Protein chains: 2
Amino acid sequence: MHTKEKIRLESTELFANLGYEGTSMAKIAEKVGIKKPSLYAHYKNKEALFFDVVDEMEQEYEAFVQDSLNQETDTIEERLYLSFKTHVSDLARDDASIQFYNRFIQYPPKELEDRLLARFNKSEERVRVLLAAVIEKGQAEGSINRELEAKSMAYTYFCLIEGLTTEVGIHSIEEVKAHAEVVWTVYWRGIQA
Amino acid sequence: MHTKEKIRLESTELFANLGYEGTSMAKIAEKVGIKKPSLYAHYKNKEALFFDVVDEMEQEYEAFVQDSLNQETDTIEERLYLSFKTHVSDLARDDASIQFYNRFIQYPPKELEDRLLARFNKSEERVRVLLAAVIEKGQAEGSINRELEAKSMAYTYFCLIEGLTTEVGIHSIEEVKAHAEVVWTVYWRGIQA
DNA sequence: GTCTATAAGAAGATAGAC
DNA sequence: GTCTATCTTCTTATAGAC
């Protein structure tokens with residue numbers, strides 16, 4: 001693996017776990033296995049390194065949602081349920097990219113806030129559109145309520161995912177997975193025709 | 001106001017907005033209007049100051065939930081809806097205590113993680129019990145589904161609140177409030193008898 | 001590209017005068 | 001209790017040899 005890739009990989013994990021201020025160039029260098037000044041041969045400064053990670057995380061997150069929604073199922077209900085479960089499994093899997101995304105969408109470092117939120121906003125919108133398309137299919141098929149707007153139901157879906165994401169830090173994986181089942185039951189009752 | 005109170009007040013806001021690492025003793029001192037070393041006459045160190053704020057925030061959060069649930073209404077549905085709306089309004093109100101609570105429950109500084117989560121876990125459980133009691137009342141009255149467990153429905157409620165909390169950073173207050181209405185509609189459809 | 005050495009500044013915290 | 005002065009450590013970042 002090229003050094004630059006390794007820097008991106010290790011710093012993703014550190015940023016996700018320790019935050020922006022909590023991650024020093026020294027820690028990154030140590031994990032990569034080089035000395036601190038060598039980092040500056042690959043990135044102009046800490047900010048440039050961080051935004052390189054942001055770029056990659058956005059792409060990964062969108063690809064993940066797309067894949068989760070493209071799984072083969074008989075009904076739209078199953079498709080949504082499977083996607084929901086995949087999301088939850090991913091939370092539990094302690095995936096650095098998802099954690100990175102969730103951490104900085106909520107708590108961007110003050111000096112990078114404007115640039116970060118502009119990016120995340122667009123990314124969230126793209127992802128919501130993907131889900132709304134599946135929900136609309138369910139409405140066309142007649143399995144999902146037609147009085148509610150598809151994008152409203154998509155919003156609620158991501159709202160629950162984000163709520164469960166919050167819980168991951170507090171509760172055990174098993175608890176979150178059990179809670180996710182309950183949450184899904186309530187959600188499906190809420191949107192079904 | 002006593003200096004110690006002012007320190008607690010100003011540092012709550014700074015911690016909530018900038019995080020633990022992002023908040024320096026120098027910044028706190030400046031906002032309070034004293035010099036940095038004077039802080040150490042009131043608190044042994046930064047950690048002690050932080051945990052003093054944690055204590056107060058927990059109490060405030062639990063009192064807030066209790067009050068939101070004790071509002072006078074005709075039906076349990078209205079009572080839950082009103083509490084939900086109060087919660088959302090509070091998110092939008094940019095309240096430092098709620099933001100503090102939500103920030104550190106999700107992203108505790110690594111070196112304080114164990115002590116913080118132990119506290120928050122107990123606090124969350126107490127709050128969930130308060131809501132479950134109201135939901136059980138709804139079940140007894142017949143307005144809320146009896147096949148689902150009250151505490152599961154309480155869990156989903158807080159999951160949605162936490163999801164909406166996440167959105168506050170990204171979207172405008174108006175958008176979040178509009179989303180909250182939609183989310184409530186789906187939730188109520190999900191739990192009603 | 002990677003290293004050693006080092007600068008320049010900010011962080012948490014303490015000593016001791018008033 | 002608050003201050004000035006100071007210490008130590010850690011931070012981001014650069015200079016320049018190899």
Side-chain angles (χ1 to χ4, degrees), chain A residues 1-57 100 103-104 107-116, chain B residues 1-57 100 103-104 107-116:
Chain A
M1 199 189 319
H2 290 345
T3 306
K4 188 160 182 171
E5 286 177 68
K6 181 141 201 210
I7 294 171
R8 204 162 35 205
L9 185 78
E10 299 295 351
S11 58
T12 301
E13 203 178 311
L14 286 169
F15 282 134
N17 288 324
L18 307 177
Y20 186 74
E21 296 92 343
T23 301
S24 67
M25 296 300 264
K27 275 181 193 155
I28 295 171
E30 194 193 354
K31 273 202 117 185
V32 173
I34 57 176
K35 297 294 171 185
K36 196 172 52 166
S38 306
L39 292 171
Y40 292 88
H42 302 275
Y43 291 99
K44 197 190 140 217
N45 53 30
K46 188 179 177 181
E47 233 178 80
L49 167 52
F50 181 73
F51 274 105
D52 195 29
V53 176
V54 170
D55 274 344
E56 213 192 18
M57 292 308 99
F100 181 97
R103 175 168 205 140
F104 293 111
Y107 301 108
K110 264 288 169 301
E111 71 269 30
L112 312 177
E113 189 169 26
D114 293 349
R115 273 175 292 164
L116 263 181
Chain B
M1 198 188 321
H2 290 347
T3 305
K4 189 160 182 171
E5 285 176 69
K6 181 142 200 209
I7 294 171
R8 205 163 34 208
L9 185 79
E10 300 295 351
S11 56
T12 301
E13 204 178 310
L14 285 170
F15 282 133
N17 288 325
L18 307 176
Y20 186 74
E21 296 92 344
T23 301
S24 67
M25 296 300 263
K27 275 181 195 155
I28 295 171
E30 194 193 353
K31 273 202 116 185
V32 173
I34 56 176
K35 298 295 172 184
K36 191 170 59 160
S38 305
L39 291 171
Y40 292 87
H42 302 276
Y43 292 98
K44 196 191 138 216
N45 53 30
K46 187 179 178 182
E47 234 178 78
L49 166 52
F50 181 74
F51 275 105
D52 195 31
V53 176
V54 169
D55 274 345
E56 214 192 18
M57 292 308 98
F100 181 97
R103 176 169 206 139
F104 293 110
Y107 302 107
K110 264 288 168 299
E111 71 270 30
L112 312 178
E113 189 169 27
D114 293 349
R115 273 177 290 165
L116 263 182

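A quick note: this is a predicted structure, and the numbers were derived from the prediction, not measured. Residue numbers begin at 1 in each chain, while the letters A, B, ... track the order of the sequences. No hydrogens, no waters, no symmetry mates; every other heavy atom, side chains included, goes into these values.
- Separating the CG atom of A:L14 from the P atom of D:dT12 is a distance of 12 Å, rounded to the nearest angstrom.
- A straight line from CD of B:E30 to P of C:dA10 spans 12 Å, rounded to a whole angstrom.
- Contact annotation: A:T3 does not reach the phosphate of C:dG1 (side-chain N/O to OP1 or OP2, under 4.0 Å).
- Atom OH of B:Y40 is separated from atom P of D:dT8 by 16 Å (rounded to the nearest Å).
- Dashed line: the shortest gap from a side-chain N or O of B:S38 to OP1 or OP2 of D:dC3 is under 4.0 Å.
- Atom-to-atom, NZ of A:K36 to P of D:dT14 comes out at 12 Å; the value is rounded to the nearest Å.
- One can place NZ of B:K6 at 12 Å from P of D:dT2, the figure rounded to the nearest angstrom.
- Taking atom CD1 on B:I34 and atom P on D:dG1, their separation rounds to 11 Å, with Å as the unit.
- Inter-residue side-chain proximity for A:L18 and A:K27 is flagged as met; some heavy-atom pair is nearer than 4.5 Å.
- Both A:K27 and B:K35 lie near DNA chain D, and the one whose nearest nucleotide falls closer to the 5' end is B:K35.
- Atom CD of residue A:E113 and atom OH of residue A:Y107 lie 12.0 Å apart, to the nearest 0.5 angstrom.
- Here the straight-line distance linking atom NE2 of B:H2 with atom NE2 of B:H42 works out to 10.5 Å at 0.5 Å rounding.
- Whole-Å rounding puts the A:M25 CE to D:dT14 P distance at 10 Å.
- In this pair, B:F15 and B:F100 present their aromatic rings perpendicular. The plane angle is above 60°, beyond the 30 to 60° band.
- Nucleic acid contact class of A:S24 (heavy atoms, under 4.0 Å, all strands): sugar-phosphate only.
- Of the possible donor and acceptor atoms, none in the side chain of B:K36 sits under 3.5 Å from a partner among the backbone N and O of B:S24.
- A straight line from NZ of A:K46 to C1' of C:dA10 spans 13 Å, rounded to a whole angstrom.
- Within the structure, a side-chain polar atom (N or O) of B:H42 is placed less than 4.0 Å from OP1 or OP2 of D:dT2.
- For B:A41, the listed nucleotide lying nearest its side chain is D:dT2; candidates were D:dT2, D:dA15, C:dT14.
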